[in-house]
Structure formats: structure tokens, C-alpha cells
Number of protein chains: 2
Amino acid sequence: MMDAKKVTALLRKKGFKVTPQRLAIYNALCNTKAHPNAEMLFNKLQPYYPTMSLATIYKTIDILREIGLIQVINVGEDSLRYDATVELHPHIRCTVCNRVDDIMDFDFSPAIKNVAEKTSYDLSGQQFYFYGVCPECQAKMSKKIS
Amino acid sequence: MMDAKKVTALLRKKGFKVTPQRLAIYNALCNTKAHPNAEMLFNKLQPYYPTMSLATIYKTIDILREIGLIQVINVGEDSLRYDATVELHPHIRCTVCNRVDDIMDFDFSPAIKNVAEKTSYDLSGQQFYFYGVCPECQAKMSKKIS
DNA sequence: AGTTTGTTGATAATAACTATTAATTAAAAA
DNA sequence: TTTTTAATTAATAGTTATTATCAACAAACT
Ligand SMILES: [Mn+2]
Ligand SMILES: [Mn+2]
Ligand SMILES: [Zn+2]
Ligand SMILES: [Zn+2]
């Protein structure tokens, strides 16, 4: 999570131009916990940047990922989601409403140690995805039954 | 992993017809550890079933998944992979050659317990993916350097 | 301000997967 | 075994997320 000044500096340093679209897309990602996909970002920014196209979203996302400002989340849907928190952390998706939440302060080290013992791969990263029913959907379901 | 007889019985029981294509696709998945995607399966079966189309592969895979004979693996590529081992187990993908290997005998329970404490979701499953460089690619890389 | 060069946004292309449908075939009924 | 019925195959068309192309444009450097 960087402020606009730092993002500006980083983009320039990496040889990319600083445009309002790029700042807006990064800013939108910093100000949500919803892990939006490209279309959700597009819809969110539409009122403020009515001429911006989806192609710009995709290209900006690729640049932000390349310079380490965001990470890509693949929770097994038909589209990818994006996250301005770049530290690796597990995610959980509601199998009813498809919302995606963070699981923070998860200690990967026991799992990594476990895997390092079992494989001769040179490990470089991991992604953990959990599935379940979110509190809101649990509430709705118990209402329907009664 | 079921033999042809059991697969036949299960398909019939679930109301699906037993066809050579279906048995061949399941059999191909049982006899590989490569976690093939649809195209890899198609190419493998092409010599034996030259008229079989990709659509048949996809539909069969969907049926096999529905009746619990296979699972779908999403290791963050642009296509899905399939696995005749239905017990949940982590996978590791080589970031150089993209091969996908199993990690067996991994104990999920500490991680699940950890997550259950941190979230108010009603947990139902999980997928763990690891990334790294496989032994073969490590060997190739050390050769190149010397 | 003028020049250079990367960027935007409209559009076309790609690729994995899904839907449609006529011909075929498995399996139940006779 | 033959007939009947309904599911399946395979060819083909459709869908959708993502990527490529390119002319107009704007950021950065002088
Ligand atoms: Mn997150
Ligand atoms: Mn596996
Ligand atoms: Zn939910
Ligand atoms: Zn490799």
C-alpha cells in the first residue's frame, strides 16, 4: 500500500509514465477489501473515467503487478481478482455469494517446512485458498429454513 | 482410482451411459501423474480415438467430476488440469517447465484449525498450490551456468 | 513550446470452454 | 434378438475473459 507520491516515483523509476488512469486503478485497489476483478474495477471507475476502456484496466494491472504493487488472485472463478496487499496471505471464497475475504496473520512456515521435506523442488511461493459459506449467507440460509 | 467394472457400475447408477470414450478418458487420467489439461488428454487419446472431439473431453470431464471420480486443479494457468486422485492434496508447479506434481501425505488439519479460528466462515474445503523449480529444471540451470 | 516516446481507448483477435443439433449408439423394453 | 427410447457423439457455432493492434493523444525531457 503506497501513497500517490511513492507510486508516482516507482512508476517513473521503472520507466513507466504516470497517468491519472494508473493512479486511479491503484487507488481503487487500495481502498477496497473486495478483491475486485477487471470488470468490477471498470464499473467502479466508470463514473469518474467514463472513457476508460477495459483494455486500460488490464494493461495497468499488468504493470502494477510487474512492479510489485499488486498481486493476482486466482480463486477458481472464470476471472482473476486483484489485491493491493502484496504480502502472501490465504483467501477464502464464499461458495454461495462468491465474496472473497482475506485470512491475515496466517503462519505459512509449518506448511512450507512440511512441503520442503517432501519435494525436491526449489520452493519460491505458494497460494492457499479456502472455501466455505460466509456469515451473511449463513444467516440468510438459516432464515430460509425457519 | 476405480477399475473399469466399478466405473461402469457407477456411471449406470448415476444415470449416465457407459461409452468407450468415457472409459478411455478416465483410464488415461488414472494412468498418468502429469495432471493433464483437456488438450493434453485430447492429444494422448487422438491415436486411439481419432474421431473424438475436444467437446467430448470437456463433457466427459464434467460428468466424471460430478460423480466424484476426478477433481479439477487450477494451478493458475490459462487452462484447468484434471486428477484421478480425488483426495484433496496440495500441488506444486514448476515455474520453468510448468510440470505439476503432487504433494502427498500433507496434513491439512493445523492449517484448517488455524483458519477456522480466524474466520467466521463455515469451512468446506481448500486448495493449496506451491511454486518452485523442479529438479530437472534445476539441473538444466546449473549446467547452463557452468 | 516543441519533440519524443510511451499510453489510451476503440476495435479486432485469441483461446478455453460451453451450447446446439443431427446422426449415432447404448440400453431398456418387447 | 429385435425394437424402441433416450442419451451421446462430434461437428460446429457461440461465449467470455483476456490480449494484441494501432491511430490519436499526453507525459516527460530539453
Ligand atoms: Mn487479500
Ligand atoms: Mn494430484
Ligand atoms: Zn456469502
Ligand atoms: Zn521444471
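Per chain, numbering begins at 1; letters A, B, ... match sequence-line order. Every heavy atom of this structure was used, including side-chain atoms; hydrogens, water molecules and symmetry mates were not.
No engagement by B:E39 is indicated, since no non-hydrogen atom pair under 4.0 Å with the nucleic acid exists. Among the protein residues, A:L54 comes within range of no part of the nucleic acid, since none of its heavy atoms lies under 4.0 Å from any strand.
Rounded to an integer number of Å, the gap from B:Q46 CD to D:dA10 C1' is 12 Å. Taking atom NZ on A:K14 and atom P on C:dG6, their separation rounds to 17 Å, with Å as the unit. Nucleotide C:dA16 holds its P atom 13 Å from the CE atom of B:M40, rounded to whole Å. What separates CZ of B:R12 from C1' of D:dA7 is a distance of 13 Å, to the nearest Å. In this entry the distance linking CZ of A:F16 with C1' of D:dA26 reads 17 Å, nearest Å. With rounding to whole Å, B:I61 atom CD1 is found 13 Å from D:dT9 atom P. Spacing between atom CD of A:E77 and atom C1' of D:dT16 amounts to 14 Å, rounded to whole angstrom units. Put simply, NZ on B:K13 is 19 Å from P on D:dA7, counting in whole angstrom units.
Considering only the side chain of A:T56, C:dT8 comes nearest among D:dT18, D:dT9, C:dT8. Residue B:K17 places its side chain closer to C:dT25 than to any other of D:dA10, C:dT25, C:dT11. Taking every side-chain heavy atom of A:T19 into account, C:dT8 is the closest of C:dT8, D:dT18, C:dA10. Of the candidates C:dC17, C:dG9, D:dA17, the closest approach to any side-chain atom of A:S79 belongs to D:dA17. Across D:dA28, C:dG9, D:dT12, the shortest atom-to-atom separation from the side chain of A:V18 is found for D:dA28.
Using the six-membered ring where Trp is involved, A:Y129 and B:Y129 have ring planes that are tilted, between 30° and 60° apart. Note: A:H91 and A:H35 have perpendicular aromatic rings, judged against thresholds of 30 and 60 degrees for the angle between ring planes.
A donor N or O paired with an acceptor N or O is not found under 3.5 Å between the base of C:dG6 and the side-chain atoms of A:K59.
Residue-environment remark: NZ (B:K44) stays at or below the threshold of 12 foreign heavy atoms within 6.0 Å. A:E39 CD: 12 or fewer foreign heavy atoms inside a 6.0 Å radius.
Look at A:S53 and you won't find any side-chain N or O under 4.0 angstrom from OP1 or OP2 of C:dA10. For B:Y58, no side-chain nitrogen or oxygen approaches OP1 or OP2 of C:dT18 to under 4.0 Å. An OP1 or OP2 oxygen of C:dA26 is reached within less than 4.0 angstrom by no side-chain nitrogen or oxygen of B:R22. Note on A:Q21: a side-chain N or O is less than 4.0 Å away from OP1 or OP2 of C:dG9.
Between A:R65 and A:D62 there is a salt bridge, with a side-chain nitrogen of the basic residue lying less than 4.0 Å from a carboxylate oxygen of the acidic one. Salt-bridge annotation for A:K14 and A:E66: absent, with no side-chain N of the basic residue lying under 4.0 Å from a carboxylate O of the acidic one.
Each of B:L23, B:I25, B:T19 was compared with B:T60 under the side chain to side chain contact (heavy atoms under 4.5 Å, CB included) criterion, and only B:I25 meets it.
A:N74 and B:N74 are linked by a side-chain donor-acceptor pair at a separation below 3.5 angstrom, with hydrogens and angles left out of the test.
For the helix from C:dA1-D:dT30 to C:dA30-D:dT1, the axis fitted to the five pairs at one end and the axis fitted to the five pairs at the other end meet at an angle of 40° (nearest 10 degrees).
Judged by closest nucleotide on DNA chain C, A:T60 is the one of A:T60 and B:D78 placed further toward the 5' end. For the pair A:T8 and B:I63, nearest-nucleotide mapping onto DNA chain D gives the more 5' position to B:I63.
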